Amino acid sequence: MVSHTPNMPTGYEAKCTRCNSVIYKKSCFDPAGLLALCIAALIIIIPAFYFPLISIHLLGITEETNLLQGALMMVDSAPVVAFMVLFCAVIAPTLLISSIALSSACFTFNYHPRYLPDILKSTGFLKRWSMLEVYMVSLMVAVFKIMNYADLYFGIGFYFFITLLLLDLIIISNYSNQLYWEKYLNE
Amino acid sequence: MNKNVVVGKTGLSQGLQLCKVCSHYSEQITDPTHCPTCLNKISLRKKNSLQKTWALLITAIIFIIPANLYPITYLLKNSTLYPDTIFSGILSLVDSGMPGIALIVFVASIVVPLLKIIALAVIAFSVQNEWNLDPKKQLIAFYLIDWIGKWSVLDLFVISIMVAVFDKGHLLSIYPGLAATSFTLVVIATLSAANSFDTRLIWDAQTDE
């Protein structure tokens with residue numbers, strides 16, 4: 001259904017007359033702010049993935065587990081599962097934040113490289129496969145399961161991961177692919 | 001862009017196409033294959049949307065059978081192997097007094113995939129056979145399955161954490177089973193099926209209005 005998009009103040013949404021879905025959302029354009037958030041997230045990503053999320057005390061040994069280990073240990077026995085876990089929990093979020101950082105940087109510093117449309121296009125794809133919030137709930141489920149078998153402690157990585165998740169959610173809710181395309185095409 | 005665009009009529013009837021990448025519209029006659037604004041591929045409707053959705057749905061239906069019948073994890077405890085299917089894992093959670101967690105896992109790994117397959121199949125059937133179901137209800141159902149879809153990955157993440165934590169050789173270890181791979185394929189297939197379905201087809205199939 002063809003609809004006319006009126007000029008709206010920031011924060012308003014235009015909806016389709018036929019199905020009532022949002023077709024246009026006027027959000028504030030703040031590439032510098034998003035760039036700052038992305039850089040913060042990219043710094044946090046390293047300890048969040050590398051430091052132990054949880055450590056368990058079992059059979060007299062204390063063992064620590066980080067986010068990458070779980071996926072990498074399954075590469076031999078179940079490569080498809082390992083790839084899916086790696087992609088949705090590590091690769092997609094990292095690339096998503098990097099691509100938003102890159103496009104925000106381009107707009108902040110008024111720099112228009114030829115690959116900018118490709119970045120905008122892949123951001124839309126990565127957004128669907130980035131599942132940090134699902135990982136958080138999975139971690140809680142796993143924690144309750146493990147508590148049956150062993151003593152469990154949260155590691156430093158866990159707190160970094162929560163911070164990363166919050167930053168990731170703020171970035172995604174403030175980023176608008178449509179708006180970035182509009183700015184790119186207008187300049 | 002041009003003066004002939006009428007608001008309130010479908011783009012399809014006016015030969016207008018919307019670019020899925022940059023959200024700009026253009027005319028089918030002047031730009032039949034590529035969007036003039038961002039140079040990505042463009043068409044009036046997603047190409048072969050129903051065929052792709054059906055193909056992926058059938059894949060999901062095939063793989064959901066081994067995913068539920070075969071063991072999803074093996075627990076190796078004192079050199080004895082204990083297989084666990086999705087359902088027996090949920091039952092053992094209930095037995096160990098965690099009905100809340102059992103419910104989360106039950107919803108994420110049994111209800112969500114089944115609901116997605118059934119709902120998408122009903123919508124695709126009604127589009128194909130012009131059943132004239134309420135389009136708004138169909139769209140709400142579609143948005144719901146699109147949103148809950150990613151939560152079925154939950155069980156895979158849980159497996160990856162359990163495998164990493166229980167790594168004590170013959171004393172206590174957990175290994176992923178055949179069902180884990182099948183379940184991954186179900187998740188990928190249903191996510192892609194929802195993504196390849198073009199919601200505008202729901203309205204195209206409405207015959208009386």
Side-chain angles (χ1 to χ4, degrees), chain A residues 1-4 17-21 23-24 53-54 56 58-59 61 63 65-74 77-86 88-89 117 120-121 124 128-129 131 133-135 137-146 148-150 152 177-178 181-182 184-185, chain B residues 5-11 14 16 20-25 37-40 89 93 96 98 100-101 104-105 108 135-136 139 143 150-168 171-172 175-178 180-181 183-185 187-188 191 195 199-200 202-203:
Chain A
M1 183 71 73
V2 177
S3 299
H4 171 68
T17 49
R18 186 168 66 172
C19 69
N20 225 15
S21 320
I23 44 172
Y24 185 79
L53 280 176
I54 45 177
I56 57 160
L58 184 69
L59 306 168
I61 317 160
E63 202 179 351
T65 310
N66 68 21
L67 206 151
L68 291 169
Q69 247 175 332
L72 293 176
M73 277 174 65
M74 291 195 294
S77 49
V80 185
V81 189
F83 175 75
M84 183 77 177
V85 171
L86 263 187
C88 297
L120 293 179
K121 191 182 169 189
R128 267 187 290 116
W129 293 94
M131 303 181 185
E133 70 278 25
V134 182
Y135 195 90
V137 177
S138 312
L139 187 65
M140 296 328 287
V141 171
V143 162
F144 278 101
K145 273 185 157 181
I146 295 164
N148 272 356
Y149 299 91
L152 181 140
N177 207 254
Q178 215 174 354
W181 269 110
E182 215 169 86
Y184 169 72
L185 295 167
Chain B
V5 176
V6 184
V7 173
K9 277 177 79 180
T10 59
Q14 303 179 55
L16 296 171
K20 279 279 164 196
V21 181
C22 71
S23 333
H24 278 244
Y25 68 90
T37 328
C38 68
L39 305 176
N40 281 296
L93 274 176
S96 50
M98 293 188 283
I101 301 293
I104 294 176
V105 178
K136 278 194 184 164
L139 190 75
Y143 278 153
K150 60 158 76 170
W151 288 94
S152 42
V153 186
L154 187 131
D155 213 25
L156 299 174
F157 286 157
V158 173
I159 294 171
S160 86
I161 298 167
M162 300 299 275
V163 167
V165 167
F166 295 108
D167 170 35
K168 299 277 189 294
L171 283 174
L172 189 61
Y175 300 104
L178 182 67
T181 305
F183 190 74
T184 312
L185 292 171
V187 173
I188 295 174
L191 280 173
N195 188 45
T199 47
R200 290 170 295 186
I202 297 174
W203 270 270

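Chain A is the first sequence line, chain B the second, and so forth, proteins listed ahead of strands; every chain is numbered from 1. Keep in mind that this is a model prediction, so the values were computed, not measured.
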Against chain B, work out which of A:Leu72, A:Ile56, A:Val134 has the most heavy-atom pairs shorter than 4.5 Å and name it. A:Val134
Over all heavy atoms of both residues, which pair between [X] and [Y] is shortest? Give the atoms and the distance, please.
X: B:Leu191; Y: A:Trp129; value: CD1-CZ3, 3.5 Å
X: A:Lys145; Y: B:Met98; value: CA-CE, 4.3 Å
X: B:Leu156; Y: A:Val85; value: O-CG2, 3.9 Å
X: A:Arg128; Y: B:Lys150; value: O-CE, 4.4 Å
X: B:Trp151; Y: A:Val137; value: CZ3-CG2, 3.5 Å
X: B:Ile101; Y: A:Phe144; value: CD1-CD1, 3.5 Å

Does a side-chain heavy-atom distance below 4.5 Å link [X] with [Y]?
X: A:Leu53; Y: B:Ile161; result: no
X: A:Met74; Y: B:Ile159; result: yes
X: B:Thr184; Y: A:Phe83; result: no
X: A:Tyr135; Y: B:Val153; result: no

Nearest 0.5 Å, please: how far is CE in A:Met84 from CG in B:Leu185? 9.5 Å
Would you mind checking which part of A:Ser138 comes under 4.5 Å of any heavy atom in chain B, side chain (CB onward), backbone (N, CA, C, O), both or neither? both
Contacting region of A:Leu139 [heavy-atom separation from chain B under 4.5 Å]: both
Please rank [options] by heavy-atom pairs under 4.5 Å with chain A and give me the top one.
options: B:Ser96, B:Ala164, B:Ala108, B:Gly100; value: B:Ala164
options: B:Val187, B:Asn195, B:Asp155; value: B:Asn195
options: B:Val105, B:Val165, B:Val163, B:Leu93; value: B:Val165

Need one label for B:Phe166: side chain, backbone, both or neither, based on atoms under 4.5 Å from any heavy atom in chain A. side chain
Non-hydrogen atoms of chain A under 4.5 Å away: do they reach the side chain of B:Leu178, the backbone, both or neither? neither
